[in-house]
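Order of the sequence lines fixes the chain letters, A, B, ..., with proteins taken first and strands second; residue numbering starts at 1 for each chain.
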Amino acid sequence: MSQTVRTRFAPSPTGYLHLGGLRTALYTYLFAKKHGGTFILRIEDTDQEREVPGAVDLIYQSLRAAGLHYAEGPDVGGDYGPYIQTQRRDLYPKYAMELVQKGGAYPCFCTKEQLDAKRAAAEAKGETYKYDKTCLHIAPEEAQRRIAAGEPYVIRQNVPLTGTASFDDVLYGHVEVDCDTLDDNVLMKADGLPTYNFANVVDDHLMAITHVMRGTEYLSSAPKYNLLYQSFGWTPPTYVHLPVVMKDATRKLSKRYGDPSFEDLLAMGYLRDAIINFIALLGWSPGTEQEFFTLVELEQVFDVSGLNKAPSIFDMNKLTWFNAEYMRKLPFDAYYALAKPWLEQVLDPDKFDLRRLAELLQGRTEVLNRLPSMVDFLAAMPEYDLALYTHQKMKTNPEVALTAIDLVLPVLAAQTDWTEAALHENLMAAIAASGMKNGQVLWPVRISMTGRESTPGGAIEMAYLLGKDETLRRLHAAKARLANA
RNA sequence: GCCUCCAUGGUCAAGCGGUUAAGACGUCGCCCUCUCAAGGCGAAAUCAGGGGUUCGAUUCCCCUUGGAGGUGCCA
């Protein structure tokens, strides 16, 4: 590649950054990095009605949170600004006029009502609606007169009636369509702002974008954009269209159906690096067996040849697996800092050894937000079913449980050194002396202390965390309940 | 409807004319074990269908089917 690579992520400020958008941004960023190029951010806000207040800031925040740093953008500046399309509004009319002069576009005065009627008529006949080029035949002088008179108008692309339009995509190859299936789309709206169809071409050219990476929703209109480049006499960028991310086989990921956004995942306790790692592998393969990647590694190894053409389904299960793996890999102190606030939601830090608890939890943490429900039994003994005392493999049932508690109670009551090591030593000795199996006594003892089928540690760890008084209190309560059963 | 694109297990996917069709998640066994995880071992599970081309198709071509995207003064 002789020219310096410049790629851009160009979202519309219509809300949060969804995962499909994040992936597009990631690949766009990685492509630039891989080729030593520049990644820039451009805000496409030409549809003022759809703009959501605060969405622009959300995009900045999300991109920063993801670690996708852009060298140029609205909030960082650059030599090709402004980077927000509404701030570039004065730029577009000039190019629109140039296009009109070159025959690639024309002003149109048809009203919304007229067009709706034509559209309805076409649909009634079961035909595909296409603008009939009525205004193409208005003489330039008359058009000028009407514009000067203040009549509302738009600028439409003048698509040839015959022939074909095409472009070449790195991923999808040569895409060609018959011009007669193409409509004369609006390039400049009556409000004076360009549509995506126009702004994208003008801005990519003006910003010297060399590689356009974007979703496949633009694949079928790309030939039309190429017509624009031809009319202008500009060299089109290299295109890489990216398949969408799906929720399942037929629906794409969408906030409306409750699918999480990037920000949502972070708030739930998914790690940024885990999300990035997972997203990178969703629709792209490095071609090797490696499955864990840091952003920096991805910057080196990313290649468009590993992109898959088919849409891929977002698998929360696998994301969660990645997250659990990343949790385990964290240095303990980093994990503890992350876990602590979640633990403190349900546990008084003055009453429990949260640090020890976190040690037990680190290897079992899939997502941070699951932590509270994993430890809340420590704060208050939950209701539980006596059936929990019956466990085939542990060879226990309520009767055995009663025996076990009777065996353990005096040992614990006499325990002065309430450490895991000391508890372990004395308890194991008592069990060995009794002739019972470890699980036979430790299972029911743990149940009676926690009321949970599974806990972040065994009976000994739980006893340590609960403390002597609370342990004995819960054991006595369980004994009374079992004796009356 | 029309246009464009896509198609390997439940999911992510490797494969790019000749393979026992990798690997990962998930699932199911077994082992380990004071529970659950983690870890170890193992298992089930895929080339959508039909035609071609070829000595030989998962791989190339066509059709069908299925799916996606587009068909806006939205992007």
Side-chain angles (χ1 to χ4, degrees), chain A residues 10-12 14 44-47 49-50 108 110 112 115 119 123 126-130 152-156 169 171-173 175-178 180-183 185-191 193-197 199-200 214-223 241 243-244 246 248-252 278 281-291 306 308-322 324 328 360-366 374 388 391 393-394 424 427-428 431 437-447 450 452-462:
Chain A
S12 289
T14 53
E44 310 224 325
D45 60 346
T46 56
D47 185 356
E49 290 185 15
R50 284 210 318 158
C108 171
C110 293
K112 184 105 176 121
L115 295 172
R119 191 185 305 275
E123 276 169 16
E127 292 171 2
T128 300
Y129 169 76
K130 228 183 111 180
Y153 72 102
V154 301
I155 302 287
R156 283 182 185 277
D169 186 275
L171 232 201
Y172 293 95
V175 177
E176 185 170 292
V177 296
D178 287 331
D180 63 14
T181 67
L182 265 23
D183 196 11
N185 290 122
V186 171
L187 264 21
M188 290 293 293
K189 300 184 281 185
D191 65 4
L193 282 169
T195 60
Y196 175 85
N197 302 315
N200 120 295
R214 53 157 60 141
T216 48
E217 61 266 32
Y218 300 109
L219 190 65
S220 56
S221 35
H241 284 86
V244 294
M246 308 288 287
D248 54 40
T250 58
R251 287 174 297 172
K252 71 172 169 183
F278 170 70
L281 262 17
L282 191 62
W284 175 78
S285 165
T288 64
E289 298 275 281
Q290 187 177 347
E291 53 189 348
N308 200 318
K309 281 184 275 201
S312 37
I313 298 172
F314 180 86
D315 181 6
M316 197 66 149
N317 260 331
K318 190 151 189 178
L319 201 217
T320 300
W321 173 78
F322 263 113
R328 284 181 205 108
L360 295 171
L361 249 12
Q362 184 169 7
R364 301 168 222 253
T365 307
E366 295 190 302
M374 289 170 76
L388 279 182
H391 192 289
K393 274 192 69 181
M394 294 300 118
H424 188 273
L427 249 16
M428 287 308 187
I431 293 167
K437 309 276 286 180
N438 287 347
Q440 233 173 349
V441 357
L442 262 12
W443 170 278
V445 166
R446 189 179 57 83
I447 295 300
T450 66
R452 289 287 171 79
E453 188 170 10
S454 70
T455 51
I460 292 161
E461 285 95 355
M462 293 305 102

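The base of B/U33 is paired with the side chain of A/Lys393 by a donor and an acceptor separated by under 3.5 Å.
No engagement by A/Glu123 is indicated, since no non-hydrogen atom pair under 4.0 Å with the nucleic acid exists. Among the heavy atoms of the strands, none lies under 4.0 Å from A/Asn200. At a threshold of 4.0 angstrom between heavy atoms, the contacts of A/Thr46 are confined to the sugar-phosphate backbone, with no base atom among them. Within 4.0 Å (heavy atoms only), A/His424 reaches at least one base atom of the nucleic acid. Across all strands shown, A/Glu289 has heavy atoms under 4.0 Å from base atoms, whether or not it also approaches the sugar-phosphate. In this structure, A/Arg328 reaches the sugar-phosphate backbone alone: every heavy-atom distance under 4.0 Å involves primed, P, OP1 or OP2 atoms, never a base. A/Ala459 comes within contact range of at least one nucleobase, with a heavy-atom separation under 4.0 Å. Using a 4.0 Å heavy-atom criterion, one finds that A/Val154 contacts the bases of the nucleic acid, with or without backbone contacts as well. Among the atoms of the strands shown, none is found under 4.0 Å from any heavy atom of A/Arg452.
Rounded to an integer number of Å, the gap from CZ of A/Phe322 to C1' of B/A38 is 17 Å. In this structure, A/Arg119 places its CZ atom 15 Å from C1' of B/C2, rounding to the nearest Å. For the pair A/Leu193 CG and B/C74 P, the computed distance is 10 Å after rounding to whole Å. Separating the CG atom of A/Leu187 from the P atom of B/G72 is a distance of 15 Å, rounded to the nearest angstrom. For the pair A/Glu461 CD and B/C34 P, the interatomic distance rounds to 11 Å; values are reported in whole Å.
The phosphate of B/A14 has neither OP1 nor OP2 within less than 4.0 Å of any side-chain N or O from A/Thr288. Distances shorter than 4.0 Å separate some side-chain N or O of A/Lys189 from OP1 or OP2 on B/C74. In terms of phosphate contacts, A/Arg50 brings no side-chain nitrogen or oxygen within less than 4.0 Å of OP1 or OP2 of B/A75. Taking 4.0 angstrom as the limit, A/Ser312 places a side-chain polar atom (N or O) nearer than this to OP1 or OP2 of B/A13.
Nearest heavy atom pair, residue A/Glu453 against residue A/Arg446, reads O-NH2, 2.9 Å. A pairwise comparison of heavy atoms in A/Leu171 and A/His241 identifies CD1-O, 3.3 Å as the closest pair. Heavy atoms only, all atoms of each residue included: A/Met428 and A/Leu442 are closest at CE-CD2, 3.8 Å. Between A/Thr320 and A/Glu366 the shortest heavy-atom distance is CG2-CB, 3.7 Å.
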Going 5' to 3' along nucleotides 61-69 of chain B, which nucleotides have protein heavy atoms under 4.0 Å from the base (write B), which only from the sugar-phosphate (write S), and which from neither (write -)?
------SSB
Under a 4.0 Å heavy-atom criterion, the protein footprint on nucleotides 25-30 of chain B, written with B, S and -, is SS----
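Proximity of a side-chain donor or acceptor of A/Thr46 to a complementary backbone N or O of A/Leu193 within less than 3.5 Å is not detected. Checked by atom type and distance alone, the side chain of A/Tyr172 pairs as donor or acceptor with a backbone atom of A/Lys309 at under 3.5 Å. Within the 3.5 Å criterion, the main-chain N or O of A/Pro456 finds a donor-acceptor partner in the side chain of A/Arg364.
The aromatic rings of A/Trp443 and A/His391 lie tilted to each other, with the angle between the two planes from 30° to 60°.
By the 4.0 Å N-to-carboxylate-O rule, A/Asp47 lies close enough to A/Arg50 to be salt-bridged with it.
The residue among A/Gly283 and A/Thr455 whose nearest nucleotide of RNA chain B is located toward the 5' end is A/Gly283.
Checked against side chain to side chain contact (heavy atoms under 4.5 Å, CB included), A/Ser285 has no partners two or more places apart in sequence or in another chain.
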